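Beneath this line is the structure, given in structure tokens, with notes to follow.
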There are 2 protein chains.
Amino acid sequence: MKQGVRNHLLEIAGRLFAERGYDGVTVREICHKAGVNVSAVNYYFGDKQNLYLEAVRVAARQRIEEVPMITWSADDPPAVKLRHYIRNLLQRVLLNGGADWQAQLIMSEVVKPTRACRRFVQEFVRPNFEVLLRLLRELVPEELSETGLYRVAFSIVGQCVYYRLCKGIVRNLAGKKLPSLVHLEQLAQHITEFSLAGIYTLIQRARQRRRRAQLMLESAS
Amino acid sequence: MKQGVRNHLLEIAGRLFAERGYDGVTVREICHKAGVNVSAVNYYFGDKQNLYLEAVRVAARQRIEEVPMITWSADDPPAVKLRHYIRNLLQRVLLNGGADWQAQLIMSEVVKPTRACRRFVQEFVRPNFEVLLRLLRELVPEELSETGLYRVAFSIVGQCVYYRLCKGIVRNLAGKKLPSLVHLEQLAQHITEFSLAGIYTLIQRARQRRRRAQLMLESAS
DNA sequence: CTAGAATTCAAACAAATGTTTGTTTGAAAC
DNA sequence: GTTTCAAACAAACATTTGTTTGAATTCTAG
């Protein structure tokens, strides 16, 4: 049971794939860096494709294990739930204890899905998104259209994943301010406040529209 | 002056590079699809690397030409300027008349910069970001820290680029709602309202904090 | 201790890939 | 009419790359 090599291979391959993409890495380099023979890839994974797929799987699994989905008590106010959700998402995408490649690899698949693991990634992302939708529905009782709700959800997710997806640009633009900028708690706090404010005004707008429409209707009848 | 071949090569190569990345495309395929001889790449561009770099350059230039930086009159209220800025950014990233590959190619470079055109991309992104910063400073007179300002800026940009970067996921999650979701004007309107609300509450928070701090100071002295 | 399974290894293979070469073509310049 | 030159092409070159093979080595269970 020397699965040590298999795991080591997954780790090294994951790092490299995350850094340079599937085609940017050769089996030879992976094996060399892992200190094993080239044929180890074939022995343990069959071929390169499968090694890649397995690496993504491992990355996702570890990411979920390390930052499990939040479980809130039913009587938490929705606003609190939202803060938890946002911090959770931020943790998953940008707080990675030494294993930066995991989030990176998953994100690469989200941005440009490989045929090999398209379905897998969707099954990884969709549940999280639906939790967010249900949560927002609590915050926004029926005043907002379904489309509006989705836009809000995407606004929130967009703010969070930006720091990961555009890490390079963020680092460059932020300069010395970077460390304080990406401080997890503060960032979560900012995005939550920012988004809650947006949500509340959207509710108000929707209420106004509805009231106005009702007035029109009444005056017409 | 048969620069037709050169341009055609750039167009085809750009499409393919955007779709499958630098290493995912071979010179042979590019030339085959362009209907020219393999050595044309060497003849016109020296090597593959340079062809790629040139393709990115062209993409950026065309993108800028097609959607030039907004010029607003100095006495426009900042909130209006912000809406213009957001619509402009959205147009650049997701409204591309038949040339989807241009925005795609640039975004790939933003997300995972190639050594070849790292500096170039920064010079493409930074000016836009600085326009946004100046604009936000008008909206948020000194109550907000520099770090806070950057966070707001990233929140806005994040919301916009999300629809491009995670296009695949958005399409999948949105389902039939996609067309109405990514309607340019409505989307710009949403992000503007959403962000303005966030900004206003942040200002209030900052004001409250400052007032409280001042009170503490006065009562202490 | 030992037979058999599991693992590792060096070498080799065929296909693919970026690049180069030598030549041809067709029209412009002299 | 001769020379010049950019443009295009087929063929070939030297590597690289994913994969396979078959023997050597290590492990493990009886």
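Each chain gets a letter, A, B and so on, in the order the sequences are listed, and its residues count up from 1. Remember, it's a predicted structure, so these values are computed and weren't measured experimentally.
Look at CZ on B:Phe17: it is 12 Å from C1' on C:dG18, rounded to the nearest Å. Taking atom CD1 of A:Ile30 as the reference point, atom P of D:dT16 lies 17 Å away to the nearest angstrom. Protein atom CG of A:Asp47 is 8 Å distant from nucleotide atom P of D:dT20, rounded to whole Å. Atom CZ of A:Arg6 and atom P of C:dT8 are 13 Å apart (whole Å). Rounding to whole angstrom units, CZ of residue B:Arg28 and P of D:dC9 are separated by 15 Å. Here D:dA8 presents its C1' atom at 16 Å from NE2 of B:His8, a figure rounded to the nearest Å. Remark: C1' of C:dT17 and NE2 of B:His32 are 16 Å apart, rounded to the nearest angstrom. Atom P of nucleotide D:dT21 and atom CG of A:Asn42 are separated by 10 Å, given to the nearest angstrom.
Distance from the side chain of B:Ser39 is smallest to C:dT21 among D:dT19, D:dG18, C:dT21. Side-chain proximity of B:Tyr43 to C:dC9, D:dT17, D:dA7: nearest is D:dA7.
Interface remark: the B:Asn37 side chain does not form any donor-acceptor pair with the D:dA7 base, using a distance-only criterion of under 3.5 Å.
Phosphate contact (OP1/OP2 of C:dT8, side-chain N/O of A:Tyr44, threshold under 4.0 Å): present.
Two rings, from B:Phe124 and B:Phe129, have their centers 6.0 Å or more apart.
Relative to the ring axis of B:Phe194, A:Arg151 does not place its NZ or CZ within 45° and under 6.0 Å from the centre.
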Kindly indicate, with the supporting measurements, whether the criterion ring pair (Phe, Tyr, Trp, His ring centres under 6.0 Å) is fulfilled by B:Tyr162 and A:Tyr162. CA-CA 7 Å; B:Tyr162 179 75; A:Tyr162 179 76; over 10 Å; no
Distance-only donor-acceptor hits, side chain of residues 80-88 of chain A, under 3.5 Å, sequence neighbours excluded:
residue	atom	partner	partner atom	Å
A:Lys81	NZ	A:Glu138	OE1	3.1
A:Lys81	NZ	A:Glu138	OE2	3.2
A:Tyr85	OH	A:Asn128	O	2.9
A:Arg87	NH1	A:Glu185	OE1	3.0
A:Arg87	NH1	A:Glu185	OE2	3.4
A:Asn88	ND2	A:Pro68	O	3.1

